[in-house]
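Since the model is a prediction, treat every value here as computed from it, not as a measurement. Computed from heavy atoms alone, side chains included, the values below leave out hydrogens, waters and symmetry copies.
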Amino acid sequence: MDARGRGTGATALPVSADADKREAGEKQQGVPLADAGWAGAEPRGAPDTSMLMFFDSLHGLLRVLIISLLAYAWLVFVLRLSGKRSLAKLNAFDLVVTVALGSTLATVLLTKDVAFAEGALAFCMLALLQWIVAQASIRSSWFSDLVRSRPRLLVEDGDFRDSAMRDERVTRAEVEASIRKSGIGRIEDVGAVVLESDGSMSVLERSDGAYTVLRSVAR
């Protein structure tokens with residue numbers, strides 16, 4: 001009886017192990033190898049992800065081609081309609097609009113979730129906002145001071161204005177570089193250096209008369 005029991009138990013083990021393997025195989029059938037516990041394995045028929053960085057689909061290339069032509073033409077039309085001021089950098093808002101136009105164009109071209117109509121509307125809204133800010137700046141000096149920083153005098157009659165340079169975080173080396181670019185070789189020959197609202201520097205030669213263009217410049 002014990003021999004038979006031991007014999008029965010000996011033969012039952014392989015059967016149970018085979019059943020467990022079959023059950024596990026049925027559960028794992030159709031599951032990616034990585035999910036089944038195989039680290040680093042890829043399922044059969046999976047696309048080669050290394051090629052996706054170079055080529056996705058012909059539809060994607062065709063979309064970029066068509067949208068590029070439409071978006072570029074529409075942007076040129078909007079800029080021509082809104083005037084030269086749309087590309088000016090006379091104040092901080094002008095700079096923001098210029099950067100935003102380029103960012104919007106890139107988004108429309110390369111982002112599939114953004115339709116051309118949405119990008120075209122964004123171009124129009126940026127140009128409209130810039131026009132509104134420009135008109136408000138012309139009509140209100142308070143609003144103009146809010147969106148546009150006043151130019152600052154950094155050098156006057158060959159003398160550096162150190163307090164103004166500290167406030168504007170400008171070094172003497174940077175001021176001297178702008179003087180050299182203007183073609184002046186001596187600081188004594190400089191009448192004025194003005195840090196403009198767009199961050200550029202204007203250099204004036206020394207003159208015996210009064211500098212009437214400095215009336216709106218902060219000292």
[X] and [Y]: which non-hydrogen atoms are nearest, and at how many Å?
X      : Y      : answer
Gly158 : Arg206 : N-NH2, 3.6 Å
Trp74  : Ala120 : NE1-O, 3.3 Å
Ala127 : Ser82  : CB-CB, 4.1 Å
Met165 : Phe160 : SD-CD2, 3.7 Å
Val108 : Ala71  : CG1-CB, 4.3 Å
Glu118 : Asp113 : OE1-O, 4.0 Å

Run the numbers on Ile179 and Val175 for side chain to side chain contact (heavy atoms under 4.5 Å, CB included), then give the verdict. CA-CA 6 Å; Ile179 295 174; Val175 176; 4.1 Å; yes
For a 4.5 angstrom cut-off between non-hydrogen side-chain atoms, does [X] reach [Y]?
X      : Y      : value
Val213 : Leu204 : yes
Gln130 : Asp94  : yes
Met201 : Val194 : no
Ser137 : Val147 : yes
Ile66  : Leu62  : yes
Val133 : Phe143 : yes
Leu126 : Thr104 : yes
Val193 : Ser202 : no

Just how far is it from atom [atom1] of [X] to atom [atom2] of [Y], taken to the nearest 0.5 Å?
X      : Y      : atom1 : atom2 : value
Arg63  : Ser68  : CZ    : OG    : 8.5 Å
Asp189 : Ile184 : CG    : CD1   : 7.0 Å
Arg148 : Asp198 : CZ    : CG    : 9.0 Å
Leu154 : Asp162 : CG    : CG    : 10.5 Å
Arg152 : Ser197 : CZ    : OG    : 12.5 Å

Would a hydrophobic clustering, with Ile, Leu, Val, Met, Phe, Trp and Tyr connected at side-chain separations under 4.5 Å, put [X] with [Y]?
X      : Y      : answer
Val97  : Trp131 : no
Leu121 : Leu70  : no
Phe116 : Leu79  : yes
Leu129 : Leu81  : yes
Phe77  : Leu75  : yes

Please list, chain by chain and in numerical order, all residues satisfying side-chain hydrogen bond (donor to acceptor under 3.5 Å, both in side chains) with Arg219, sequence neighbours excluded.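 Counting only residues at least two positions away or on another chain, Arg219 forms no side-chain hydrogen bond (donor to acceptor under 3.5 Å, both in side chains).
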Just jot down the side-chain hydrogen bond (donor to acceptor under 3.5 Å, both in side chains) partners of Arg161, sequence neighbours excluded, or say none.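 Only Glu156 meet the side-chain hydrogen bond (donor to acceptor under 3.5 Å, both in side chains) criterion with Arg161.
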Could Arg150 and Asp145 be called an ion pair, given the rule that one side-chain N must be under 4.0 Å from one carboxylate O?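 Here Arg150 does not pair with Asp145 in a salt bridge, since their nearest N and O are not under 4.0 Å apart.
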Should we count [atom1] of [X] as having more than 12 external heavy atoms under 6.0 Å?
X      : atom1 : value
Tyr72  : OH    : no
Glu174 : CD    : yes
Leu69  : CG    : yes

Indicate yes or no for a side-chain donor-acceptor contact from Thr107 to the backbone of Ser103 under 3.5 Å, with no hydrogens or angles considered.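 Checked: pair present.
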